[in-house]
Engineer: 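Structure incoming, see below.
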Amino acid sequence: RRPAVRFYNHMPAAAIRDLVGRKVWNSYFKFCVERNPWDRAVSCYFWRKQEDPSRSLEEFIDHGGLELLKMRGRDVYRIDGQVVVDFICRYEQLEEDLEKVRLQLGLPESIQLPHAKSTFRTDLRSSQELLVPRHVQRIQEEFADEIELLGYSRLLGGG
């Protein structure tokens, strides 16, 4: 009897490829969703704040939060540094990009998006309002390749 295959959120592309096998991997249309790094950093901070409410956003950014975020995010759509998905949806235009995916796959109906994970964030100000200039710059530097790949500008997600 074959063990149950377990997929999970934010699973690295290499792990998925290993589970499904190279033949399936190479034959499938592969896509993922990426978010601008400024919003990703703030969102990750609030998600992790549930476990450590005393940690500030500044501490998260200054003490390892960005490095972890970068490592985990890149692995979703890269293997050995190379982009291995056919399309990257931008979170900021998710409905529009998922419509492109729907058409590519020939799905008959529009995709209805749930509002998952929308209740854990306690401060609803924008990333632009929450981040101090040196953190905006640090994120810009740390995620320069993702910013270039996805066409984000310095202005928090504009493109």
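Positions are given from 1 along the sequence.
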Engineer: Between Phe31 and Cys89, what is the shortest heavy-atom contact and its length?
Structural biologist: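 It is CD1-SG, 4.0 Å.
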Engineer: Does Arg138 come within less than 4.0 Å of Glu141, counting only side-chain N to carboxylate O?
Structural biologist: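 Answer for the salt bridge query: no.
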Engineer: Between Ile16 and Leu105, is there a shared hydrophobic cluster once you connect ILVMFWY residues whose side-chain heavy atoms come closer than 4.5 Å?
Structural biologist: no
Engineer: Carefully, step by step, assess Ile88 and Val33 under the rule side-chain contact (heavy atoms from CB on, under 4.5 Å).
Structural biologist: CA-CA 6 Å; Ile88 301 174; Val33 177; over 6 Å; no
Engineer: Can you tell me how far apart CD (Glu142) and NE2 (His135) are? Round to the nearest 0.5 Å.
Structural biologist: 12.0 Å
Engineer: What's the shortest heavy-atom distance between Arg78 and Gly81, and which atoms?
Structural biologist: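 Smallest heavy-atom distance, with atoms named: NH1-O, 3.3 Å.
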Engineer: Roughly how far, to the nearest 0.5 Å, is CD of Glu59 from OH of Tyr45?
Structural biologist: 8.0 Å
Engineer: Between Phe29 and Phe87, is the side-chain contact (heavy atoms from CB on, under 4.5 Å) condition met? List the steps.
Structural biologist: CA-CA 8 Å; Phe29 175 79; Phe87 186 66; 3.8 Å; yes
Engineer: Grab the two heavy atoms, one from Val20 and one from Val24, that are nearest each other, plus how far apart they are.
Structural biologist: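 Answer, listing the atom of Val20 first, then Val24: O-CB, 3.5 Å.
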Engineer: Arg17 and Ile79: side-chain contact (heavy atoms from CB on, under 4.5 Å), yes or no, with the steps?
Structural biologist: CA-CA 10 Å; Arg17 183 190 63 193; Ile79 298 176; 3.6 Å; yes
Engineer: Inspect the surroundings of CD in Glu67 and state if more than 12 heavy atoms from other residues, nucleotides or ligands are less than 6.0 Å away.
Structural biologist: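 Yes, CD of Glu67 has more than 12 neighbouring heavy atoms, counting only those of other groups under 6.0 Å.
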Engineer: Taking Leu149 as the starting point, is it possible to reach Trp38 by hopping between hydrophobic residues whose side chains are less than 4.5 Å apart?
Structural biologist: yes
Engineer: CH2/Trp47 to CZ/Phe60 distance, rounded to the nearest 0.5 angstrom?
Structural biologist: 13.0 Å
Engineer: Is there a chain of hydrophobic side chains (I, L, V, M, F, W, Y, each step under 4.5 Å between heavy atoms) that links Val136 to Val132?
Structural biologist: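 No, separate clusters.
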Engineer: Hey, what do you get for CD (Gln93) to CG (Leu98), rounding to the nearest 0.5 Å?
Structural biologist: 10.5 Å
Engineer: Looking at Arg40 and Glu34, does any basic side-chain N land under 4.0 Å from a carboxylate oxygen?
Structural biologist: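 So Arg40 pairs with Glu34 through a salt bridge.
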Engineer: So, Tyr152 versus Glu92: side-chain donor-acceptor pair below 3.5 Å or not?
Structural biologist: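 Yes, because at least one side-chain N or O of Tyr152 sits under 3.5 Å from a partner of the opposite role on Glu92.
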Engineer: Between CG of Leu66 and CD1 of Ile139, what distance do you get to the nearest 0.5 Å?
Structural biologist: 5.5 Å
Engineer: Is there a side-chain contact between Leu131 and Ile61 (heavy atoms, below 4.5 Å)?
Structural biologist: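 Yes, close enough: below the 4.5 Å cut-off.
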Engineer: Given Asp75 and Lys70, is the salt bridge (Lys or Arg N to Asp or Glu O under 4.0 Å) satisfied, shown in steps?
Structural biologist: CA-CA 9 Å; Asp75 290 348; Lys70 182 170 184 165; over 6 Å; no
Engineer: For Arg48 and Arg55, run side-chain contact (heavy atoms from CB on, under 4.5 Å): C-alpha distance rounded to whole Å, both residues' side-chain angles, the deciding distance at 0.1 Å, then the answer.
Structural biologist: CA-CA 9 Å; Arg48 293 194 172 267; Arg55 193 172 190 194; 5.6 Å; no
Engineer: Please tell me whether Leu103 and Leu113 are part of a single hydrophobic cluster in this structure, the criterion being side-chain heavy atoms less than 4.5 Å apart.
Structural biologist: no
Engineer: Nearest 0.5 Å, what's the CZ-CD distance between Phe143 and Gln140?
Structural biologist: 11.5 Å
Engineer: Is it true that Asp97 and Arg90 have a side-chain N and a carboxylate O under 4.0 angstrom from each other?
Structural biologist: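 So Asp97 does not pair with Arg90 through a salt bridge.
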Engineer: Linking I/L/V/M/F/W/Y whenever their side-chain heavy atoms sit closer than 4.5 Å, directly or via other members, would Tyr91 and Val101 fall into one cluster?
Structural biologist: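 Looking at the clustering, Val101 is in the same group as Tyr91.
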